[in-house]
Amino acid sequence: MYILLMGPPGAGKGTQAARLVERYNIPHISTGDMFRAAVKEQTELGKQAKAYMDAGQLVPDSVTIGIVKERLSKPDAKKGFILDGFPRTLEQARALDATLEELGISLDGVLNVSVPAGELINRVTGRRMCKQCGATYHVVNFPSSDPTRCDKCAGELYQRDDDREETVARRLAVHQSQTKPLIEYYNQHGIYTEINGLQSMDTVFKDIISVLRSVS
Ligand code: AP5
Ligand code: ZN
């Protein structure tokens with residue numbers, strides 16, 4: 001199963017991707033997670049990406065396309081993947097098409113999790129993540145039993161640097177101008193489906209599964 005998960009910041013892509021990983025046993029490829037890991041490890045890529053992420057801007061295509069190309073050519077991506085947060089520009093979408101063609105892969109579905117802006121701000125500013133295992137919580141919608149610790153691994157919970165309100169507004173504006181045009185792009189490919197993300201996490205997951213059943 002080759003799945004592309006799209007949607008604005010805070011729509012629930014990561015939350016749903018974690019469930020899809022369990023269901024289909026395929027890797028979750030998130031450019032955001034890759035950049036955050038690089039920042040944590042203080043690699044050259046991390047140093048480059050951090051400034052853009054903190055400013056709520058996209059990391060340049062030349063950098064992002066390269067890391068995705070490399071990741072998709074790893075053996076575990078052959079059996080399927082959930083691509084989350086890539087592509088985000090038309091140039092990235094075209095580069096992805098070329099890479100998939102080289103690999104002999106075609107996408108089964110492009111799912112766009114759609115949520116109105118007001119709720120996105122609420123979700124992003126209330127998000128807390130586990131430093132150790134990366135699990136995602138929300139202070140109201142999905143709290144951990146101890147607000148400072150992860151239920152799964154007892155790791156410390158933290159707020160992402162780019163989840164502060166002023167940066168979130170910029171991320172939403174960037175999504176509107178640079179990523180929304182991809183809806184038209186994938187609509188023309190005939191593999192695009194919109195998912196109502198303004199429902200419970202379980203209902204969103206059910207909707208995603210029913211779309212994937214109909215295409216596989
Ligand atoms: P990235 O990490 O991809 O961030 P994003 O797209 O902004 O998405 P988020 O991680 O904020 O949200 P999500 O949709 O995964 O929501 P989640 O499931 O956590 O990118 C970060 C940065 O990296 C970018 O700004 C950019 O700088 C750079 N970058 C990444 N990819 C790039 C690319 N391709 N090109 C260039 N630069 C790139 O859920 C959010 C919250 O809501 C959680 O607290 C969750 O518990 C809660 N929640 C989830 N679902 C529900 C629900 N149904 N009901 C109630 N609450 C819910
Ligand atoms: Zn954890």
Side-chain angles (χ1 to χ4, degrees), residues 4-20 28-39 45-46 48-68 71 82-93 95-96 111-115 119-144 146 148-163 167-168 170-175 178-179 182 195-208:
L4 206 157
L5 263 189
M6 283 175 63
K13 304 181 293 296
T15 301
Q16 298 300 328
R19 293 172 177 222
L20 289 167
H28 173 204
I29 302 178
S30 153
T31 39
D33 286 350
M34 288 159 92
F35 287 136
R36 276 184 292 280
V39 170
L45 171 70
Q48 239 179 313
K50 189 173 175 8
Y52 293 100
M53 295 170 84
D54 286 353
Q57 302 290 347
L58 296 182
V59 179
D61 286 341
S62 53
V63 176
T64 310
I65 288 168
I67 64 161
V68 173
R71 180 65 188 87
I82 302 143
L83 201 47
D84 158 8
F86 182 95
R88 265 170 143 103
T89 64
L90 278 171
E91 192 179 334
Q92 290 181 13
L96 176 64
L111 309 180
N112 185 30
V113 184
S114 171
V115 175
E119 171 63 7
L120 292 172
I121 292 173
N122 183 22
R123 287 190 188 179
V124 175
T125 53
R127 170 169 46 201
R128 298 293 179 270
M129 291 184 73
C130 174
K131 262 189 186 165
Q132 212 158 283
C133 75
T136 300
Y137 297 89
H138 188 280
V139 290
V140 177
N141 303 347
F142 188 53
S144 57
D146 172 343
T148 63
R149 295 273 156 204
C150 174
D151 284 340
K152 292 182 187 154
C153 74
E156 191 188 332
L157 298 185
Y158 76 104
Q159 183 176 35
R160 269 168 50 178
D161 284 343
D162 60 346
D163 278 355
T167 316
V168 176
R170 212 157 318 132
R171 284 164 60 199
L172 290 177
V174 166
H175 177 266
Q178 304 201 49
T179 309
L182 295 190
I195 303 285
N196 175 8
L198 198 58
Q199 310 179 87
S200 72
M201 295 177 200
D202 288 347
T203 309
V204 174
F205 186 62
K206 273 188 203 141
D207 284 1
I208 290 176

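All heavy atoms count here, side chains included; hydrogens, waters and symmetry mates do not. Indexing begins at 1, ligand by ligand and atom by atom, following the structure's order. All residue numbers in this chain count up from 1 along the given sequence.
Residue Ala11 has at least one nitrogen or oxygen atom sitting less than 3.5 Å from a nitrogen or oxygen atom of ligand 1, judged on distance alone. Between Asp84 and ligand 1, not a single N/O pair is under 3.5 Å apart. Between Thr31 and ligand 1, at least one N/O pair is under 3.5 Å apart. Not one N or O of Pro87 is nearer than 3.5 Å to an N or O of ligand 1, by distance alone. For a threshold of 3.5 Å applied to N or O pairs, the pair formed by Arg171 and ligand 1 contains at least one separation below that value. Taking any N or O of Leu58, backbone or side chain, none lies under 3.5 Å from an N or O belonging to ligand 1. Below 3.5 Å of separation, one finds an N or O of Val59 facing an N or O of ligand 1. Note: no N/O pair closer than 3.5 Å links Phe142 and ligand 1 by distance alone. At under 3.5 Å, not a single nitrogen or oxygen of Ser30, backbone or side chain, sits near a nitrogen or oxygen of ligand 1. Between Asp162 and ligand 1, no pair of N/O atoms sits closer than 3.5 Å.
With Thr167 contributing its side chain and Gly56 its backbone, the two residues share no donor-acceptor pair below 3.5 Å. Although no hydrogens or angles enter the test, the distance criterion places a donor-acceptor pair under 3.5 Å between the side chain of Thr31 and the main chain of Gly85. Under a 3.5 Å cut-off, the side chain of Lys13 and the backbone N or O of Asn112 do not form any donor-acceptor pair. Although no hydrogens or angles enter the test, the distance criterion places a donor-acceptor pair under 3.5 Å between the side chain of Gln16 and the main chain of Met201. In this structure a side-chain-to-backbone donor-acceptor pair under 3.5 Å is missing from His28 to Gly14.
Between Arg36 and Asp161 there is no salt bridge, since no side-chain N of the basic residue sits under 4.0 Å from a carboxylate O of the acidic one. Salt bridge Arg170/Asp54: absent, no basic N to carboxylate O contact under 4.0 Å.
For Ser200, every heavy-atom contact with ligand 1 shorter than 4.0 Å involves the backbone, none the side chain. Residue-level proximity to ligand 1 for Gln199 is carried by the backbone, the only part with a heavy atom below 4.0 angstrom. Within the 4.0 Å heavy-atom criterion, the part of Gln92 lying near ligand 1 is the side chain and not the backbone. Contacts with ligand 1 closer than 4.0 Å are made by side-chain heavy atoms of Arg160 only, the backbone lying farther away. When heavy-atom distances to ligand 1 are checked against a 4.0 Å cut-off, Thr15 comes that close through both its backbone and its side chain.
Residue, atom and distance of the protein heavy atom nearest to atom 44 (O) of ligand 1 are Tyr137 O, 2.8 Å. Atom 15 (O) of ligand 1 has Gly14 N, 2.8 Å as its closest protein atom, hydrogens excluded (heavy atom only). In this structure, the protein non-hydrogen atom closest to atom 43 (C) of ligand 1 is Thr136 CG2, 3.6 Å. Of the protein's non-hydrogen atoms, Lys13 NZ, 3.1 Å is the one closest to atom 8 (O) of ligand 1. Given atom 38 (C) of ligand 1, the protein heavy atom at minimum distance is Phe35 CE1, 3.7 Å. Among protein heavy atoms, the minimum distance from atom 41 (C) of ligand 1 is reached at Arg123 O, 3.5 Å. Atom 26 (C) of ligand 1 has Gln57 O, 3.6 Å as its closest protein atom, hydrogens excluded (heavy atom only).
Counting only protein atoms, the N, O or S atoms lying less than 2.8 Å from the Zn ion (ligand 2) are Cys130 SG, Cys133 SG, Cys150 SG, Cys153 SG, ordered by chain and residue number.
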